[in-house]
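Working notes for the structure below.
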Amino acid sequence: MKARLFMPIVVAIALLLGLPAGAHAADKVKAVASFSILGDMVREVGGDRVEVTTLVGPDGDAHVYEPTPADARNLAASNILFVNGLGFEGWMDRLEKSSGFKGPVVVASKGVSPRTMIEAEGHDHGDEHAKDEGHGHNEHARGEEHEGEEEITDPHAWQSLANGKIYVANIRDGLIAADPDGKAVYEANTAKYLDAIAKEETAVKDTLGKLPKDRRRIITSHDAFGYFGTAYGLEVIAPEGVSTESEASAKDVAKIIRQIKAEKIPAVFIENITDHRLLDRIARETGAKIGGTLYTDALSPPDGPAPTYLGMFRHNIEALSQALSS
Ligand code: ZN
């Protein structure tokens, strides 16, 4: 009699005690990341505590993305939003408003030195000059802007691993603020990830450092490799500007074709997110070879050649060094 009464009480107590722990496993932080590269970084830092949904998926072009009703529902159900910033996700404000999302927004690029340039309307790159010197200079240049020109901020800061480290620290801080119980986990995941990024950074500099000086010039379709070029000593020329929103003008293309011929630029690269017909044509008309595909603004699908942020660097470096070393 005693035992029969006792057992149900033990079970009840165990259930009561067990319930919070059981619920906790299902109670992950729901994070939304605007694009696949950032989503991978959030996954690395968040580990098992965070469930990440990515809005612009593999091979997707975030510049011209049109959010879906499912995106609004995902965002509404999430606890925290991660964006690149620097004007990359022009569609995000409207999505945030329409979803009713009121949670914290982490701008992953916060703290990087933005690359800005004056871009003439119609993307005539002859008038464009990158200015990495800092804000004082930018301020000055803005005053010199002419009619039909606008100052553009280059959003592709993740293409420098030094900036990638800043992104990761911002992601860590954002997750700790949203989920203080996970602080130790996020810090440990971040330390491990930063170490892997530092190792890749050394490998990138070693590999690209071996390229002959006169071959360190490439063509990509849109200007996504500005931070990369500055960080690793590569000159990058692109018929389209820092966004894919407007197509290159006939004048831009003709100028690039002349430039490739005159400067004997060895290789043009297709991007995973953009149509490659223009580059096919440029390669045909100049005799420059197609050096392969670079992953610029999106990862490949999981079974592809660039499924993670660091995998993307490994793939791009391999493609660049193969095309440019001989
Ligand atoms: Zn881009």
Side-chain angles (χ1 to χ4, degrees), residues 33-41 54-67 82-93 95 107-109 112-119 121-123 125 128 130 132 150-161 163-164 166-167 218-232 234-249 252-253 256 268-279 282 291-301 304 306 308-309 311-313 315-317 319-320:
S34 57
F35 70 121
S36 56
I37 295 169
L38 188 56
D40 177 58
M41 293 170 141
T54 293
L55 299 178
V56 184
D59 294 331
D61 182 353
H63 293 289
V64 293
Y65 185 66
E66 287 176 19
F82 292 90
V83 300
N84 181 72
L86 301 175
F88 188 49
E89 304 97 338
W91 38 270
M92 187 59 86
D93 279 352
L95 174 62
V107 180
S109 67
V112 309
S113 300
R115 186 177 169 263
T116 59
M117 67 270 293
I118 302 296
E119 205 164 83
E121 273 174 22
H123 292 285
H125 287 251
E128 173 200 302
D132 297 286
E150 51 180 333
E151 190 182 64
I152 305 282
T153 300
D154 181 350
H156 307 89
W158 62 85
Q159 285 293 356
S160 138
L161 287 162
N163 288 339
I166 296 173
Y167 278 49
I218 62 162
I219 311 281
T220 59
S221 49
H222 92 294
D223 195 6
F225 262 40
Y227 293 91
F228 184 99
T230 303
Y232 310 119
L234 211 65
E235 189 190 338
V236 185
I237 300 151
E240 284 178 57
V242 294
S243 175
T244 56
E245 277 167 308
S246 57
E247 287 183 15
S249 70
D252 286 332
V253 175
I256 277 186
V268 304
F269 287 84
I270 292 166
E271 288 174 56
N272 67 317
I273 63 152
T274 56
D275 190 310
H276 56 77
R277 279 173 297 186
L278 172 61
L279 283 190
I282 290 175
T293 300
L294 294 177
Y295 287 78
T296 52
D297 295 16
L299 302 176
S300 70
T308 64
Y309 178 56
M312 173 182 81
F313 271 86
H315 168 87
N316 288 347
I317 297 313
L320 287 168

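Every number for a ligand or one of its atoms is a count from 1 in the order of the listing. Along the sequence shown, residues carry numbers from 1.
- In this structure, Ser36 OG and Tyr309 OH are separated by 12.5 Å, a value rounded to the nearest 0.5 Å.
- Every residue meeting the side-chain contact (heavy atoms from CB on, under 4.5 Å) condition with Val253, not counting sequence neighbours, appears here in chain and number order: Ala248, Ile257, Leu278, Arg281, Ile282.
- Under the 3.5 Å distance criterion, with hydrogens and angles disregarded, a donor-acceptor pair is assigned to the side chains of His156 and Asp154.
- Listed by chain and number, the protein atoms of type N/O/S under 2.8 Å from the Zn ion (ligand 1) are His63 NE2, His156 NE2, His222 NE2, Asp297 OD2; waters are omitted.
- Residues passing the side-chain hydrogen bond (donor to acceptor under 3.5 Å, both in side chains) test with Thr308, sequence neighbours excluded: none.
- Thr274 and Ser221 share a side-chain donor-acceptor pair at under 3.5 Å.
- With sequence neighbours left out, the salt bridge (Lys or Arg N to Asp or Glu O under 4.0 Å) criterion links Asp297 to no other residue.
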